[in-house]
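Data block below; observations after.
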Protein chains: 2
Amino acid sequence: MSHRDPAHASILIEGMRKNRVRVTSPRRAIVQVLEEAEDHLDVEEITERAKKIDASVHRATVYRTLDMLKRLHLVDELDLLHLRGDRHYYEVRSGGQHAHVICTRCGKVVEPRGEIMASCIDRLAEATGHRIDFYRLEAGGVCPDCEASD
Amino acid sequence: MSHRDPAHASILIEGMRKNRVRVTSPRRAIVQVLEEAEDHLDVEEITERAKKIDASVHRATVYRTLDMLKRLHLVDELDLLHLRGDRHYYEVRSGGQHAHVICTRCGKVVEPRGEIMASCIDRLAEATGHRIDFYRLEAGGVCPDCEASD
DNA sequence: TTCTATGCAAATTCTTTGCATATCT
DNA sequence: AGATATGCAAAGAATTTGCATAGAA
């Protein structure tokens with residue numbers, strides 16, 4: 001069940017096909033990096049990893065590909081409240097949108113999903129009258145572990 | 001009841017004094033701009049407006065002052081989901097934190113505050129176990145007016 | 001075959017920094 | 001007086017763009 005198995009194309013590749021953008025080798029590499037990432041990556045890191053899959057991948061292509069994926073709402077862009085520097089981080093938008101809660105002591109990020117977030121956003125929509133299509137909620141605070149080890 | 005009335009010092013100036021950072025003329029100008037702003041300003045715009053109050057204000061000072069105000073949690077930094085370009089926007093954190101809901105059609109921003117946001121964040125804190133100190137929630141969608149005029 | 005995406009390098013834009021001087025407290 | 005903030009100019013990052021070529025549909 002590899003990510004390259006054509007019968008099980010990745011969410012991102014599928015989304016790209018659906019939107020009639022071309023599936024090229026650099027894009028395949030970048031997408032694979034994003035889908036295999038365990039944490040949040042910046043452009044530098046994505047480029048580095050993508051080069052290991054396809055050495056020809058250029059940083060400019062990474063920017064262009066990320067723009068494309070953002071426009072299609074296939075990836076989200078975060079900045080983790082700048083608690084880790086001024087870079088931007090990217091993640092696949094699979095399994096619905098979610099919040100990011102960053103511990104200001106240890107830097108760990110947890111990602112609440114599902115009903116909690118849905119009801120939160122529903123009530124926001126109700127209060128403003130908007131139809132809300134996407135959102136980004138990033139919060140900073142102290143995680144239970146750090147709170148305990150005082 | 002002017003913003004310069006020493007008896008009614010601005011929230012930001014008060015906050016600065018409380019934190020023992022110096023109240024200088026450039027900082028006064030920048031703070032006045034932030035407090036009088038009706039909308040969200042980027043660094044360029046803040047610099048321009050501050051120069052009208054104190055012509056000597058330099059862009060570098062604006063960056064340094066905003067950093068200082070962010071560190072003291074007196075202003076918040078937004079990017080409005082990059083729906084208006086890649087710049088950063090700043091606003092005074094008065095009257096508590098709040099969300100920003102941006103209409104993807106007309107660009108208008110509304111700012112839900114108060115109980116809705118508080119309960120939202122409370123539940124997030126409960127779900128993760130974090131003590132949440134600050135947050136940023138930006139959402140994109142279609143506002144009622146735009147929805148109506150289809 | 002036609003249209004889109006890429007690499008590359010240069011240009012832009014955004015932000016930070018060193019340092020001598022000016023300014024707050 | 002003593003510590004901190006400022007202006008300026010230059011450096012450093014981050015991101016975008018023009019263009020000829022390569023590659024997907």
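All heavy atoms count here, side chains included; hydrogens, waters and symmetry mates do not.
Put simply, CG on Asp79(A) is 16 Å from C1' on dA13(D), counting in whole angstrom units. Between the NE2 atom of His88(A) and the C1' atom of dA14(D) there is a distance of 10 Å, rounded to whole Å. In this entry the distance linking CD1 of Ile13(B) with P of dT25(C) reads 10 Å, nearest Å. Rounded to whole Å, atom C1' of dG7(D) lies 12 Å from atom CD1 of Ile30(B). Separating the CZ atom of Arg71(B) from the P atom of dA5(D) is a distance of 9 Å, rounded to the nearest angstrom. Nucleotide dA5(C) holds its C1' atom 14 Å from the NE2 atom of His58(A), rounded to whole Å. Rounded to whole angstrom, the span from the CE atom of Met68(B) across to the C1' atom of dC24(C) amounts to 13 Å. Taking atom CZ of residue Arg87(A) and atom P of nucleotide dT15(C), one finds them 15 Å apart after rounding to whole Å.
Distance from the side chain of Ser56(B) is smallest to dG7(D) among dT6(D), dG7(D), dT15(D). For Asp86(B), counting side-chain heavy atoms from C-beta on, the closest listed nucleotide (dT16(D), dT15(C), dC8(D)) is dT16(D). Here the side chain of Thr24(A) is nearest to one of dT15(D), dC24(C), dT6(C), namely dT6(C). Taking the side chain of Arg59(B) as heavy atoms from C-beta on, and the options dT6(C), dT15(D), dT15(C), the nearest nucleotide is dT15(C). Listed nucleotides dG7(D), dA5(C), dA25(D) differ in distance to Val23(A); the shortest reach to its side chain belongs to dA25(D). In this structure, the nucleotide among dG7(D), dA5(C), dT16(C) sitting nearest to the side chain of Arg64(B) is dG7(D). Of the candidate nucleotides dG7(D), dG7(C), dC3(C), dC3(C) has the atom nearest to the side chain of Arg22(A). Of all nucleotides listed (dT17(D), dT15(C), dG7(C)), dT17(D) comes nearest to the side chain of Ala60(A). With dG7(D), dA14(D), dT15(C) as the choices, the nucleotide that has an atom nearest any side-chain atom of Tyr63(B) turns out to be dT15(C).
Contact check on Glu48(B) versus Lys52(B) returns no salt bridge, with no Lys/Arg side-chain nitrogen under 4.0 Å from an Asp/Glu carboxylate oxygen.
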Please test Arg49(B) against Glu45(B) for salt bridge (charged side-chain N to carboxylate O under 4.0 Å, His left out), starting from the C-alpha separation and ending with a verdict.
CA-CA 6 Å; Arg49(B) 295 191 188 189; Glu45(B) 187 65 30; 2.8 Å; yes

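Phosphate proximity of dA5(C) to Arg27(A): present, with a side-chain N or O under 4.0 Å from OP1 or OP2.
A donor-acceptor pair is defined here as one N or O able to donate and one able to accept, closer than 3.5 Å; such a pair exists between the side chain of Tyr135(A) and the backbone of Gln97(A).
Between Ser149(B) and Arg105(B), the side chains place no donor N or O within less than 3.5 Å of an acceptor N or O (distance only, hydrogens not considered).
Aromatic ring orientation, His98(B) versus His100(B): tilted (interplanar angle from 30° to 60°).
In this structure, Arg17(B) and Glu44(B) both approach DNA chain C, and ranking their closest nucleotides by distance from the 5' end singles out Glu44(B).
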